[in-house]
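To start, the structure itself, in structure tokens.
Values below: every heavy atom of this structure, side chains too, minus hydrogens, waters and symmetry copies.
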Amino acid sequence: MNENFALLDYMVFGLYACVIIGVGLYVSRTKKGEEKTAEDYFLAGKTLPWWAIGASLIAANISAEQFIGMSGSGFKVGLAIASYEWMAAITLIVVAKYFLPIFIKQGLYTIPEFVEKRFNTSLKTILAVFWIGLFVLVNLTSVLYLGGKALDTILGLGDGSSIVPFMIGLALFAAAYSVWGGLSAVAWTDVIQVILLVIGGLVTTVIALNQVTPEGGALAGMSHIYDVASDKFHMILKKDNPEFLNLPGIAVLIGGMWVANLYYWGFNQYIIQRALAAKSLKEAQRGIAFAAFLKVIVPLIVVVPGIIAFVMYQENIAGAGSVFSDALTGNNDHAYPWLISNFVPIGLKGLVVAALSAAIVSSLASMLNSTATIFTMDIYKPYINKSAGDRQLVSVGRISVLIALFVATAIANTMGSIPQMFQYIQEYTGVVSPGILAVFLMGLFWKKTNVQGAIIGVLASIPVAFGLKFLPIEMPFLDQMFYTLIITMAVIVGVSLNTGKGDDNEKAIPLFPETFATGKRFNISAYILLIILVALYAIFW
């Protein structure tokens, strides 16, 4: 094991693990003689307050993918990668105002369930199977692999020999409370997890900044990295930037980034499930607004450390020159673990590793719970056992969590070492997300959209996406996503008009102005958030 991790660090980490498991089991208990219902297990009994929803959204979102992958992109790209976070804050407001009222009014358990109500069972089943595959084969595996890799660097020998044992440990940790407790255990422990990951992330950033300018403090360190690596603090990249194909300038603000964010925050089961579990629509909207404010500070704890590591590489601080000798051409995802391992002192290191583990475990638990929800409610109940009661549904949910975790752990190590893991995940998820987003947007807001249009549109989106991807011209993948969305929507319109004879579809959702009315607190929060984001982009343009 790594000699830099002392007994006190292990004690701090052990305390964290005990608290999370204990709280998870405590909040998910039932009264004597009562059993969990499906609503209790999958939607926390619809009792979540706004602050728990907001915290749980961020805990589910921030994982190794961000801490490790985004800091790696921060090393190579700079602050521009933070657009994924700051644009997400705006997207959350859009989702809360225009999507969530419709979902909650429909009384949904799952996003595929909406597809059934708006279109038909066949399309719902296709998307349910797709999402289960995406969660297990992409999301769970990437989080497990990056988490195991990070812990191998910090706690192990850093040679990859302990990645698999750490992945298994993380998997068992997530299962310890999420299998039994369901969404209640996941959401309430997320409140603790998000506090820990923010504090732990800020501790790492401040300590790393102090190392850059030991006598000047964190503020002097921030000023120094800005002076040394000023080209890393531009949000909008120019065409001559080598990373332009990943973040194509102004198109980030008006193009494909919207596709990625609307798909993720609006129609992603393990994200939107928290809002569906709210006490009320207003409570859900306030919770999403709270999450949007938290997103604004996320780059400080997941992107800035990568830029700090780059400056240390440039100035060869603590031997960073040799450590990151391959980082600009190869793998740079070890930037964040290296900072923790080398600079965070004993005691605090246990806290920071607990924060990193909190990010990993909370995301794993969220993905597992949502995988179980979709399988149980959209596949098992309608196709395998239509008469299943609450006890059977909860049992099947628990079993499916364990199976998903086993499969993901078994294949996670085959991912290998991929440069800029965060960008890689975004790019390949972007092959399928535009078509699905097109189906939802048209299904929500265009009443003439019919089943034929939706099915042909979503099927056509895949060859369109691959066609754009492999064109003999270089096209940023965010632009590919945007064009795929537009083409798919055009296909849906054409097919729907030709097969529906121009009439409104009988399953179209009636929309009224009052559907999208929001409370005073939400509106004020939205305006404040927009002002903050405009200021940030103006400063770092």
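- Applying the salt bridge (charged side-chain N to carboxylate O under 4.0 Å, His left out) rule to pairs touching residues 100-111 yields nothing, sequence neighbours excluded.
- The side-chain hydrogen bond (donor to acceptor under 3.5 Å, both in side chains) check on Trp131 picks up Tyr263, with sequence neighbours excluded.
- Tyr380 pairs by the side-chain hydrogen bond (donor to acceptor under 3.5 Å, both in side chains) definition with Asn385, not counting sequence neighbours.
- Residues that satisfy the side chain to side chain contact (heavy atoms under 4.5 Å, CB included) test with Ile192, not counting sequence neighbours, are Val19, Ile20, Val23.
- In this structure, the ring pair (Phe, Tyr, Trp, His ring centres under 6.0 Å) partners of Tyr98, at least two apart in sequence or on a different chain, are Phe516.
- Considering only residues two or more places apart in sequence or on other chains, Ala438 meets the side chain to side chain contact (heavy atoms under 4.5 Å, CB included) condition with Leu485, Thr488, Met489, Ile492.
- Checked against side-chain hydrogen bond (donor to acceptor under 3.5 Å, both in side chains), Ser122 has no partners two or more places apart in sequence or in another chain.
- Pairs engaging residues 278-290 under the side chain to side chain donor-acceptor pair (under 3.5 Å) rule: none recorded [sequence neighbours left out].
- Residues that satisfy the side chain to side chain contact (heavy atoms under 4.5 Å, CB included) test with Ser56, not counting sequence neighbours, are Ala187, Asp190, Arg274.
- A search for side-chain hydrogen bond (donor to acceptor under 3.5 Å, both in side chains) contacts involving Glu116 returns Thr121, not counting sequence neighbours.
- With sequence neighbours excluded, the residues satisfying side chain to side chain contact (heavy atoms under 4.5 Å, CB included) with Leu202 are Val198, Leu300, Ile301.
- Listed by first and then second residue, the side chain to side chain donor-acceptor pair (under 3.5 Å) pairs that reach into residues 505-517 are Arg118-Asn505, sequence neighbours excluded.
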